[in-house]
Amino acid sequence: MLNTIPELLRKKSVQAIFQTPTMQNVWPTWLNEIHHHLGANFAENDIINLGDNLGNIFRSTAIAGRDQGALSSGGTAWESLVCWYINLCCVGSRIVAIKTMSMVPKPIQDATTINYANFACNTESDITVIIFPNANDYNQDVNNLNIIDDHGNTIPTTVTGRINPHALNFLTERDFLNLEIGVIQCKTNWNDNAQIPMLWDMIYSAGGFSGRNITIGRNNFNIQHVRNFTYSFVTVPSNARANYNQNSVAVKRVTNLSGGNFWGQHTNVGVARSVKEIFNNNYSSGSRTNLRNDLRQALPDFKKNGDLEYFKLL
DNA sequence: ACGGGGATAGTGGCTAAGCA
DNA sequence: TGCTTAGCCACTATCCCCGT
């Protein structure tokens, strides 16, 4: 079960997260905090409930004062944590979160591109979530798949044990109409940055503005052609003294996003929901049974040096 | 006119991805 | 491998709005 296309992509995505020096710096501290929240003999609910504490985990590496380096790395660190968490909760499903844009299959990169006249401003989508269709090619062990391209040639699913990007590009192109895609905008602070997700969501929702030569998509891949597309906002938030209520501008700016707004703490009704709610809200069709059940079956693999060791939970 | 609270705009060194 | 550059965010002075 853990050798499917989505699982191989997940592994590649999570391994990439741990490549950055920033992540290697913060991880020992975060892991302590994560273990503290998970408890000794954790179950699937403990993993999902980490979402209520992502903000605390993030802040456990907060540096006194604020040098510019901390500011810069903060954004990367938060994106990494959210991407790690989503993949963690989605083990066993067809839902995969990817932080590195170059790892996103080409058709999806093309579809999310926004063209401002001739200028392709590649959306700085922090995290791209792909929900693969409920089809054989995404449910079976990759060794049992036989993927034939348009010329009748077999495309290998893996290259030296890792997923073959060409196979992924081919499949996402072939099954494009049945894909679901989620874009997640991550920001550590909420106040001023709320404008950004609001504006991108407007453009995606409008499908571009033809009169002004603003269009979405390249190579005939359009985000409005996939089965479902959501745009969401996930914040820490790092603004310690901020007092958010349902009338705050920052709140109003993101409450209407197609994918909703979330934060790394307990849900505050009318303000923001815990990031753990993002799965039911946006990605539920990607679960094989349901999120908890998929996760429960994978639990043993977290607790030994097994298939899921790459999450570095040990 | 005044005061207070909330929103806004600007700052600026570091990080990491991309490229040659 | 080294260089270039887009992108990162916490804090503060200032602006704006509204009630008194």
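Naming convention: chains lettered A, B, ... in sequence-line order (proteins, then strands); numbering from 1 in each chain. When reading the values below, keep in mind they use all heavy atoms of this one structure, side chains included, and skip hydrogens, waters and symmetry mates.
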Parallel, tilted or perpendicular: ring planes of A:Phe279 versus A:Tyr85, cut at 30 and 60 degrees: tilted
Any A:Leu179 side-chain heavy atom under 4.5 Å of A:Ile108 side chain: yes
A:Arg292 vs A:Glu44, salt bridge (Lys or Arg N to Asp or Glu O under 4.0 Å): CA-CA, chis, key distance, verdict: CA-CA 6 Å; A:Arg292 285 186 170 76; A:Glu44 64 274 14; over 6 Å; no
A:Lys187 NZ - C:dG7 C1' separation (whole Å): 8 Å
Side chain to side chain donor-acceptor pair (under 3.5 Å) assessment of A:Asn178 paired with A:Arg227: CA-CA 5 Å; A:Asn178 289 318; A:Arg227 227 175 57 167; 5.0 Å; no
A:Tyr204 and A:Tyr231 aromatic ring geometry - parallel, tilted or perpendicular at 30°/60° bounds: tilted
Protein-nucleotide distance (A:Met103, atom CE; B:dA16, atom P), rounded to Å: 16 Å
Under 3.5 Å, which donor-acceptor pairs link side chains of residues 262-269 of chain A to any protein atom two or more places apart or in another chain?
residue	atom	partner	partner atom	Å
A:Trp263	NE1	A:Gln265	O	3.4
A:Trp263	NE1	A:His266	O	2.9
A:Thr267	OG1	A:Ser274	N	2.9

side-chain N/O A:Asn189 vs C:dC9 OP1/OP2, d < 4.0 Å: no
The helix from B:dA1-C:dT20 to B:dA20-C:dT1: angle between end helix axes, five pairs per end, rounded to 10 degrees: 30°
Separation of B:dT8 P from A:Leu199 CG (nearest whole Å): 12 Å
Whole-Å distance separating the CE atom of A:Met101 from the P atom of C:dG7: 12 Å
Separation of C:dC8 P from A:Leu81 CG (nearest whole Å): 17 Å
A:Gln109 CD to B:dG18 C1', straight-line distance once rounded to whole Å: 13 Å
Nucleotide B:dA16, atom P - distance to CZ of A:Phe18 in whole Å: 15 Å
Under-4.0 Å side-chain N/O to phosphate OP1/OP2 contact, A:Thr188 with C:dC9: yes
Qualifying side chain to side chain donor-acceptor pair (under 3.5 Å) pairs, either residue in residues 16-25 of chain A, two or more places apart: none
Distance in angstrom units between A:Lys99 NZ and B:dA16 P, rounded: 9 Å
Phosphate contact (B:dT8 OP1 or OP2) by A:Arg253 side-chain N/O below 4.0 Å: yes
